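Just so you know, these numbers use all the heavy atoms, side chains as well, and skip hydrogens, waters and symmetry mates. What you are looking at is a predicted structure, and each value in this text was computed from that prediction instead of being measured.
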Amino acid sequence: MKPNIQRTLFSLFVSFIVCLMLAPLGFAAPAPVISGFPFDTNETLSDGFSWNATTFGGFNYPVNKHKDFVASENWWGERLQYVEKDGQNELGNSNPGNHVIGEEELVYTTRPFSSKYELVSDLELNANTTPEKLGGMFYYKLPLFGKTYVTVGNDSTQLANLVVSQTSSEKKTLKAGDSWDLGSNYSLVVNQVDVEGEKVWFALYKNGEELESGIVNTNGNVTDKTFTATADFGDKKDQLYFITYVDTVFTSAADSFAVFKYTWLIDKDDVMLIKNGDEYQGFEVKESSESEIVLKNSKSITLNLDKDKKTYFTDSWYFQTSDEGKGSTSPQGYIIYPAKELSSPGNYTLRGFPFDTNETLSNGFSWNATTFGGFNYPVNKHKDFVASENWWGERLQYVEKDGQNELGNSNPGNHVIGEEELVYTTRPFSSKYELVSDLELNANTTPEKLGGMFYYKLPWFGKPYVTVGNDSTQLANLVVSQTSSEKKTLKAGDSWDLGSNYSLVVNQVDVEGEKVWFALYKNGEELESGIVNTNGNVTDKTFTATADFGDKKDQLYFITYVDTVFTSAADSFAVFKYTWLIDKDNVMLIKNGDEYQGFEVKESSESEIVLKNSKSITLNLDKDKKTYFTDSWYFQTSDEGKGSTSPEGYIIYPATDVTVEDKAVSGINNSENVSNESVSSTHSAPLIESKPNDLKDGSSSLPEEKAGIETPAKTSGFEVLAGVFGITLCQTFLKRRG
């Protein structure tokens with residue numbers, strides 16, 4: 001065979017293989033997001049871009065320390081702030097379109113805060129009754145990029161991991177021979193329990209080697225019942241690293257047991273030393289002292305002004321913005337906030353902005369989508385969501401009704417919200433069809449069969465629904481809404497599971513005629529079918545379906561757009577984009593008097609739904625307790641007097657818990673080309689905290705694509721192109737993509 005023929009055939013073969021590999025990339029469903037308070041660059045002074053633990057959930061926030069964390073000067077905890085340095089490209093309303101943060105203009109500062117040993121707190125010890133071997137009633141923590149460490153010798157430049165800290169409600173019961181795995185390769189082993197003598201003998205180990213051992217007398221005083229261990233670590237001498245307290249010993253029919261409480265352990269063998277000039281996740285340490293660490297960005301940061309893009313400024317934190325001019329009060333302005341995606345498996349808490357009852361007027365307890373992560377927040381709609389009167393989206397507000405037990409600074413200790421005093425209001429917002437938005441259509445070029453450029457969504461307890469006929473009293477699930485970057489490639493016979501028992505089946509693809517014939521099914525029954533010509537205009541390439549549902553006639557419920565058809569050696573394919581589907585068979589009708597999760601509908605109209613609590617709510621003033629006011633939303637408070645500027649006052653905020661599942665356990669993996677809004681469309685969590693604190697980075701994922709409904713493919717009546725022509729066409733595609 002001649003060399004040139006060999007090269008040609010080899011080229012065709014490679015083209016064929018590569019063409020088969022050109023499957024569209026999968027797009028993962030968004031994981032829950034830690035989001036900071038959003039600022040409009042057109043309405044914010046350059047020194048106003050600042051976030052603390054109450055306005056960015058990526059920061060550690062111990063609610064009982066609230067007043068010290070928000071103090072104006074001698075504050076504790078973390079701050080992230082933009083500080084203009086050189087007068088160039090200033091961020092803020094003097095130059096709302098600037099999207100460059102210069103070198104050393106993003107400043108991250110962290111300061112230590114005191115924490116009382118649980119032994120001291122729960123037993124209500126004071127300076128005189130605290131065991132001397134503890135070295136005091138308090139130790140100090142330093143949050144660093146959201147994770148809290150223990151300072152060694154109260155020095156913020158030396159940090160150790162807190163391995164164990166038993167709360168007041170926790171206890172560990174062990175018998176002789178038991179080994180308690182404390183974490184980080186530490187363990188506590190009970191050697192002997194002497195019930196008669198009320199003593200227990202145990203030892204602390206690391207990596208199987210004994211570090212300390214002791215005998216504790218449970219019949220003694222607090223000091224007798226407390227065991228501690230110290231060592232030299234960091235550059236400090238004789239530092240406390242372990243505490244435990246043996247509460248009691250007792251016997252069963254066969255064994256004797258000891259009960260351990262208030263156990264506290266830091267990892268003495270893994271100390272982080274921080275010094276000037278060190279680099280951490282794109283930041284350089286500029287100041288390091290026992291009482292403060294200051295870091296600044298090493299390189300300038302150019303923000304990507306796109307609501308679907310992230311601009312990372314650490315390994316896991318990024319700035320999220322709106323599109324330029326969207327959400328802002330200026331055509332050049334934009335919305336900006338720091339964020340972190342939660343992709344590690346675990347339980348997390350989305351929290352609202354916290355208020356001090358001693359500093360808040362009774363009409364000040366109000367949360368919207370920028371201040372409570374349980375609410376839906378489309379960032380490009382920001383200016384309409386925060387408007388003073390004709391706002392969109394959700395509001396939760398305390399409204400005093402009868403003058404009794406008023407919440408707020410006139411009675412900071414009150415913790416009763418009366419019947420109908422908690423008001424939840426939701427209003428619809430417009431959303432442009434992705435087909436219209438991405439193709440930049442206008443009123444004249446939008447296909448008439450869409451019925452307009454926009455549809456309307458109503459957030460309902462954090463989840464956005466589509467209003468049927470633009471009526472907020474009739475809500476349908478949005479099953480699928482492909483974004484501009486998503487596409488689905490199908491060949492004849494393929495069935496695409498859209499969700500909620502809907503599927504799209506491709507019957508035939510005619511590449512020569514540039515047409516595709518497909519049908520929409522639900523539960524295996526055909527609803528609609530059509531032939532789309534991909535060689536036509538936008539209207540020709542768009543397919544829609546309407547039906548009567550809710551109490552409306554001829555309502556749009558399905559859109560898809562066939563972008564192209566093409567062929568490989570063996571098959572012909574069609575590429576679907578901008579697919580949009582609502583579940584016409586499952587419409588929620590809302591009317592006055594209906595009950596939803598402890599709320600009663602008081603007003604229902606096409607433009608607004610208002611609900612109020614059916615029963616009074618008595619708040620549990622305990623930082624470890626939750627007071628639920630819906631099935632999943634609850635109020636979290638500090639302890640009475642803690643965190644507040646009043647001995648009777650307290651901190652309060654709404655919260656909700658979310659779970660990020662382990663992909664390996666749940667069967668979740670990356671799947672192709674569709675956003676299922678019923679699963680993942682709640683965009684923002686202005687404040688969110690993790691349980692546990694240490695968040696690991698990982699990839700987000702989309703629920704695994706289902707196998708699809710078995711629907712017989714129609715018999716092909718279209719021409720099938722020859723394999724060689726398919727390969728040649730692949731080469732053409734490759735050249736174009738190149």
Side-chain angles (χ1 to χ4, degrees), residues 60 62 110 112-113 115-119 133-135 138-174 177-191 200 202-214 216 226-246 258-274 278 280-281 293 315-316 344-348 662 689-698:
N60 179 257
T110 181
F113 61 93
S115 188
K116 192 177 285 186
Y117 292 110
E118 198 68 28
L119 167 68
K133 50 192 170 183
L134 263 65
F138 300 89
Y139 64 101
Y140 285 82
K141 293 180 179 178
L142 185 84
L144 186 65
F145 294 107
K147 178 182 176 181
T148 52
Y149 296 83
V150 175
T151 65
V152 179
N154 300 337
D155 184 348
S156 293
T157 67
Q158 304 189 41
L159 306 178
N161 280 304
L162 181 57
V163 179
V164 171
S165 182
Q166 280 183 299
T167 65
S168 59
S169 62
E170 294 175 332
K171 60 183 179 181
K172 186 72 173 181
T173 303
L174 302 169
D178 280 352
S179 178
W180 177 15
D181 182 2
L182 300 169
S184 298
N185 299 317
Y186 289 87
S187 60
L188 185 149
V189 176
V190 175
N191 298 318
V200 60
F202 58 88
L204 178 67
Y205 287 79
K206 185 172 187 183
N207 293 318
E209 294 186 9
E210 183 179 303
L211 301 177
E212 303 281 347
S213 69
V216 167
T226 302
F227 177 83
T228 61
T230 61
D232 300 339
F233 54 98
D235 66 4
K236 308 289 184 180
K237 300 293 185 182
D238 197 31
Q239 293 297 306
L240 182 69
Y241 73 93
F242 178 69
I243 304 169
T244 197
Y245 176 91
V246 187
V259 178
F260 293 82
K261 297 181 71 175
Y262 313 131
T263 305
W264 180 91
L265 170 68
I266 62 174
D267 190 355
K268 65 181 179 63
D269 299 326
D270 186 21
V271 176
M272 184 191 305
L273 301 177
I274 299 175
D278 285 349
Y280 291 92
Q281 302 190 35
I293 307 292
D315 293 346
S316 58
S344 295
N347 298 318
Y348 303 93
D662 189 335
E689 57 193 358
S690 69
K691 298 176 181 180
N693 189 312
D694 190 9
L695 304 179
K696 298 177 182 178
D697 298 326

(message) I'd like to know if the side chain of Gln158 reaches the main chain of Gly153, judged simply by a donor and an acceptor atom lying under 3.5 Å from each other, with no hydrogens or angles considered.
(response) no
Looking at [atom1] of [X] and [atom2] of [Y], how far apart are the two atoms once the value is rounded to the nearest 0.5 Å?
X	Y	atom1	atom2	value
Ser168	Tyr262	OG	OH	7.0 Å
Leu119	Thr263	CG	OG1	10.0 Å
Asp181	Tyr205	CG	OH	14.5 Å
Asp269	Asn185	CG	CG	10.0 Å
Leu204	Leu211	CG	CG	5.0 Å
Leu142	Leu159	CG	CG	5.5 Å

Return the minimal non-hydrogen interatomic distance between [X] and [Y], and the atom names on each side.
X	Y	result
Asp232	Asp238	OD1-N, 2.6 Å
Ser184	Lys206	O-CE, 3.5 Å
Asp155	Thr151	O-CB, 3.5 Å
Leu273	Asp278	O-OD2, 3.7 Å
Val189	Ser179	CG2-OG, 3.7 Å
Lys261	Lys171	CG-CB, 3.9 Å

Do [X] and [Y] have side-chain heavy atoms sitting under 4.5 Å apart?
X	Y	value
Tyr149	Asn161	yes
Ile266	Phe233	yes
Lys172	Thr244	no
Phe113	Asn60	yes
Leu134	Thr226	yes
Asp267	Tyr186	yes
Leu182	Ser187	no
Lys116	Phe138	yes

(message) The criterion is ring-ring contact (aromatic ring centres under 6.0 Å, His included); which residues satisfy it with Tyr117, sequence neighbours excluded?
(response) Tyr139, Trp264
(message) List the residues meeting ring-ring contact (aromatic ring centres under 6.0 Å, His included) with Tyr241, not counting sequence neighbours, and say none if there are none.
(response) none
(request) Determine the interplanar angle of the Phe260 and Phe202 rings, folded into 0 to 90°, and report it as parallel if under 30°, tilted if 30 to 60°, perpendicular if over 60°. (result) perpendicular
(message) I need the single residue from Val200, Val259, Leu188 that forms a side chain to side chain contact (heavy atoms under 4.5 Å, CB included) with Leu174. Which is it?
(response) Leu188
(request) Give a yes or no on whether Glu210 atom CD has more than 12 heavy-atom contacts from other residues, nucleotides or ligands under 6.0 Å away. (result) yes
